[in-house]
Amino acid sequence: MEERYNAQGIEKKWQEFWDREKLFAVKEDTTLPKFYCLEMFPYPSGRIHMGHVRNYVIGDVITRYKKMRGFNVLHPMGWDAFGMPAENAAIKHSVHPSKWTHENIAYMKDQLKKMGLVYDWQREVTTCSPEYYKWNQWFFLKMLERGLAYKKASSVNWCPSCETVLANEQVINEGCWRCDTVVVEKDLEQWFFKITEYAEELLKDADTLGGWPEKVVTMQRNWIGRSEGVEVDFRITGSDRKLRIFTTRQDTLYGATFMSVAGRHPVIRELVKDKEIIRQIEALSDDPEEKQGVFTGCYAENPLTGERIPVYAANFVLMEYGTGAIMAVPAHDQRDFEFAKKYHIPIKAVIVPENTEGTENVAPDNQAFEDYGILIESGPYSGLSSEEARGKIAEFLEQEGLGKKVVHYKLRDWGISRQRYWGTPIPIIYCQSCGIVPVPIDDLPVILPEDVHISGKGASPLAETEGFVNTKCPRCGADARRETDTMDTFVDSSWYFIAYCLGGNHKVNFTPGLSTGESTPTLHLSQLSYWMPVDQYIGGIEHAVLHLLYSRFFTKVLRDLGLVRIHEPFKSLLTQGMVIKDGAKMSKSKGNVVDPDLLVEKFGTDTVRIFSMFAAPPERDLEWSDQGVEGALRFLNRIWTFIYKNHGVLSIRATGQLKDVSHLSASASQLLRKTHQTIKKVTNSIERDYHFNTAIAALMELVNETLAFSPSDEDEMDLLRYTVRQVILLLSPFAPHFSEELWREIGERHTLCNETWPSWNEDIAKDEEIELVVQINGKVRARTTIAAGLDDETVRESAFGDAKIQELIKGKTPRKVIVVQGRLVNIVI
RNA sequence: GCGAGAGUGGCGGAAUUGGCAGACGCGCUGGACUUAGGAUCCAGUGGAGUGAUCUGUGGGGGUUCGAGUCCCCCCUCUCGCACCA
């Protein structure tokens, strides 16, 4: 055994060993309980960063722990390999995206191995390979058949920097999710996935995501944004045209004093003929701070009162939500209130707070009254509560054919077309005579051509690649053109967790999952039903509504295609915090990055792993500290040195079972107790909430006691061997190479990876003595050591027996005495 | 503005159901060993006080024998959503 702990030599050795022995390559074994541990796969940007390290070490610790607990653990890894940066690199360095991507993957895979992360590499997926993206195309066609994929022209979010369209989820604070560039609107023909078809189920099933952080579930619920209301038709005066609005506040219908429509609402084109008005409407500002409107010259009639009210075009009404038109009730909606004030439109109050004296119509001065209350001036509904009135008015509107109850969602369909090269080609052909023709399933994959010119200017490279664009129509054989947009890369990541189950890139195949009778598909993808759902998913919170919502949607679609049985892909979700340095998120632009390669070179990966897991619980931000890393190395060094110094005693293989422990010295039985307490503490910390920081702290305590212990006879040496053995086992998920090495040094011959996690004995773990705190009026006045497990009366007596306590309560009668088992006695005087 | 979360030593962070605040680590102080120490080991370390003791978990109030933990009000910070009718 080396005198000094030399991480570099050890780590390489064991990494090669784990790799060679394929210890983490798994098969479906129905006799074992399964555990699917998954981390969000990386984009192969070039190098692993500390955020990845933290994410993947968490998953690796869980994997190793669960394996020791007897689970058949699937822990795969892959590459989210399509995307913009590869194209940017191509433009900047004249290297083909494919070459750039594959070189990055090779380098990063090596980095992952150097971190001691163990994956089933046989199941690796790389989304830019045709074997993989073929299935993106296959899903697209299946969804097309079911009406879940469709093409439409619409106003879309356009990132001028990425020169492509973004889905709504991908616009963060009006900027591009990738580059922050302010997004502009653009009208384009786009392919969409009909995620709205699943809005209700996505919302309802959010209730079943018990293993997810509440915050993420809430964000998804808000994103889906369900609201119940009514659509009501307002007849336009002097026209057959009706203006349909959506409202959730039909109880305020009697208070509508005008209407507002979006600037792009079709009614404007149909009914507004005045050029000057049209010009003004087009000139409306899109500044959200300032409400602006233009009177269209039209009037509409309130279906309940027959009242004639003006119709405005207003800049704050969204064409995309509801019907693009609203009834405006300034007394009870703050936006309408501000608008009415600005344009001197009457404000009519129809709701008053409950318990209001009198029923006089008080128009509000400063702001709208938006709460529910009691209706006034509302014909037959006056006096009702808002809740009652909402129901009754909705029913009345339906009966009279004036409107209907509807549910609207904020969620919109997922636009998946991207005007970029490095992505999955959309398998569609445009034919002059046949129109839009799907590529026949047997012709898949539509291969992304490699010989393209990527200039970064003008149209998408695919559109300029004649050999790709020009094709024959599969139906009529005439000359035709291929779709040149590619798919959003979020399509790739929406099912990669399923690809792992099927064996990775080369083995993915869904066709056997479908029977010939499409209406009742039989399920025989047994691998999928064995592994899914993911038991523990780990990744950043930035995907709260992006990847995590798309994946849920895809899982439901795949279920409806008969490919999986489950309704939700991820049973538990852990969103790890950011890695912070000097108070800011690590980033190149801030210049506060720590390079994992350098760290591993200097300290060894086990030290980095220990520090990352120790410095903060996983869900919180982690403040990086170079000195903290040194502390982690010191911890490992102390264990190493101790085992080195006691090698003679420790290298005799322990049996794992202790002989007679009844006659151990006080210090020895204390160590035995501490050992069992530590096993319990570490196990519970991991099981309860993966709080590895407290698990490692407990281990440090045990190590401190172990190092202070010197055995006095053969039985106590046995105890020491036993304790050291437990320490190594408990440490092994966190510092696997270090532990594996020491495991051999203490005489073990087989790999730690296949060992069983230690268990504790509750009787041994129990303290024999406790320190009893004696309080007077809630203040600590004395401490005394007593035997554990005494009855209340005895505990009480020993409290009163304390000399200091007797002194303090002399001549006074306690009014009350509280005894807390195993903890304290409080005497109230 | 709305929603969610957080606020504990010099720092990162501990603290089952309300029951010894500050585990563990970093840093710091003193000492040992040493040619040397930015290695290692030992001791100490919330604040005030020579001391008994007092005080202390963002601020204020409350419930309780007892509050970091429960309730009410306020302040600060972080994150998410932001004209969604």
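A, B, ... follow the sequence lines: proteins, then strands. Residue 1 opens every chain.
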Original post:
What do you reckon, are the aromatic ring centroids of A:Y409 and A:W223 less than 6.0 Å apart?
Top reply: no
Subject >> Sugar-phosphate only, base, or nothing, as touched by A:N693 at under 4.0 Å among non-hydrogen atoms >> reply: sugar-phosphate
Subject >> Sugar-phosphate, base or nothing in reach of A:N704, heavy atoms under 4.0 Å >> reply: sugar-phosphate
Original post:
Between A:Y690 and A:F692, what is the ring plane arrangement, given parallel below 30°, perpendicular above 60°, and tilted in between?
Top reply: tilted
Original post:
How is A:T641 classified with respect to the nucleic acid when contacts are heavy atoms under 4.0 Å: base, sugar-phosphate, or nothing?
Top reply: nothing
**OP:** May I ask you to check whether A:Y550 and A:W414 place their ring centers less than 6.0 Å from one another?
**Re:** yes
Original post:
If you check the A:N173 side chain, which of B:C81, B:U17, B:C65 turns out closest?
Top reply: B:C81
Original post:
Considering only B:C20, B:C26, B:C84, which nucleotide approaches the side chain of A:Q627 most closely?
Top reply: B:C26
Original post:
Within the structure shown, what part of the strands sits under 4.0 Å from A:V545 by heavy-atom distance: base, sugar-phosphate, or nothing?
Top reply: nothing
Original post:
Between A:F316 and A:K291, is there a cation-pi geometry (under 6.0 Å to ring centre, at most 45° from the normal)?
Top reply: yes
Subject >> d(CZ, A:R249; C1', B:C83) in whole Å >> reply: 17 Å
Original post:
With both distances kept under 3.5 Å, what pairs with B:U45, Watson-Crick or G-U wobble?
Top reply: B:G27
Subject >> A:R781 side-chain N/O to B:C54 phosphate OP1/OP2 under 4.0 Å >> reply: yes
**OP:** Assign each of A:N222 and A:A616 to its nearest nucleotide of RNA chain B by heavy atoms, then name whichever residue's nucleotide is nearer the 5' end.
**Re:** A:N222
Original post:
Taking the same atom, C1', in B:G62 and in B:A6, what whole-Å distance lies between them?
Top reply: 23 Å
Original post:
Closest to the A:V773 side chain: B:C20, B:G25, B:A85?
Top reply: B:C20
**OP:** With heavy atoms under 4.0 Å as the rule, sort A:E771 into base, sugar-phosphate or nothing.
**Re:** base
Original post:
A:G631 near the nucleic acid: base, sugar-phosphate alone, or nothing, with a heavy-atom cut-off under 4.0 Å?
Top reply: sugar-phosphate
Subject >> nucleotides 40-46 of chain B: protein proximity per nucleotide (B base, S sugar-phosphate only, - neither; heavy atom, under 4.0 Å) >> reply: SS-----
Original post:
Looking for any heavy atom pair under 4.0 Å, which part of the strands does A:D621 touch: base, sugar-phosphate only, or nothing?
Top reply: sugar-phosphate
**OP:** Could you give the distance separating B:G25 and B:U78 at their P atoms, to the nearest angstrom?
**Re:** 32 Å
Subject >> Distance, P atom - from B:G3 to B:U53, rounded to whole angstrom >> reply: 49 Å
**OP:** Could you state the atom-to-atom distance from CZ of A:F316 to C1' of B:A85 in whole Å?
**Re:** 9 Å
Original post:
What is the base-pairing partner of B:G1, counting Watson-Crick and G-U wobble geometry with both distances under 3.5 Å?
Top reply: B:C81
**OP:** Could you check if a side-chain atom of A:R390 sits within less than 4.5 angstrom of a side-chain atom of A:T247, using non-hydrogen atoms only?
**Re:** no
Original post:
Base, sugar-phosphate, or nothing for A:K291, non-hydrogen atoms under 4.0 angstrom?
Top reply: base
Original post:
Hey, does A:K585 reach any base, or is it just sugar-phosphate, or nothing, if we go heavy atoms under 4.0 Å?
Top reply: nothing
Original post:
Side-chain N or O of A:T694 less than 4.0 angstrom from OP1 or OP2 on B:A15?
Top reply: no
Subject >> Mate of B:U57 where both pairing distances stay under 3.5 Å, Watson-Crick or G-U >> reply: none
Subject >> Distance, P atom - from B:G10 to B:G47, rounded to whole angstrom >> reply: 7 Å
Original post:
Expressed in whole Å, how much space separates the C1' atoms belonging to B:C77 and B:G22?
Top reply: 23 Å
Original post:
For B:U50, which nucleotide in any strand shown is its Watson-Crick or wobble partner with both distances under 3.5 Å?
Top reply: none
**OP:** Would you indicate which nucleotide in B:G19, B:G13, B:C83 comes nearest to any side-chain atom of A:R620?
**Re:** B:G13
**OP:** Using the C1' atom on both, measure B:U76 against B:U57 and round to a whole Å.
**Re:** 16 Å
**OP:** Using Watson-Crick or G-U wobble geometry with both distances below 3.5 Å, tell me the partner of B:U76, or none.
**Re:** B:A6
**OP:** Sticking with atom P, work out how far B:C24 lies from B:G46, rounded to a whole angstrom.
**Re:** 12 Å
**OP:** Go through the side-chain N and O atoms of A:Q576 and A:R620 and say whether any donor and acceptor fall under 3.5 Å apart.
**Re:** no
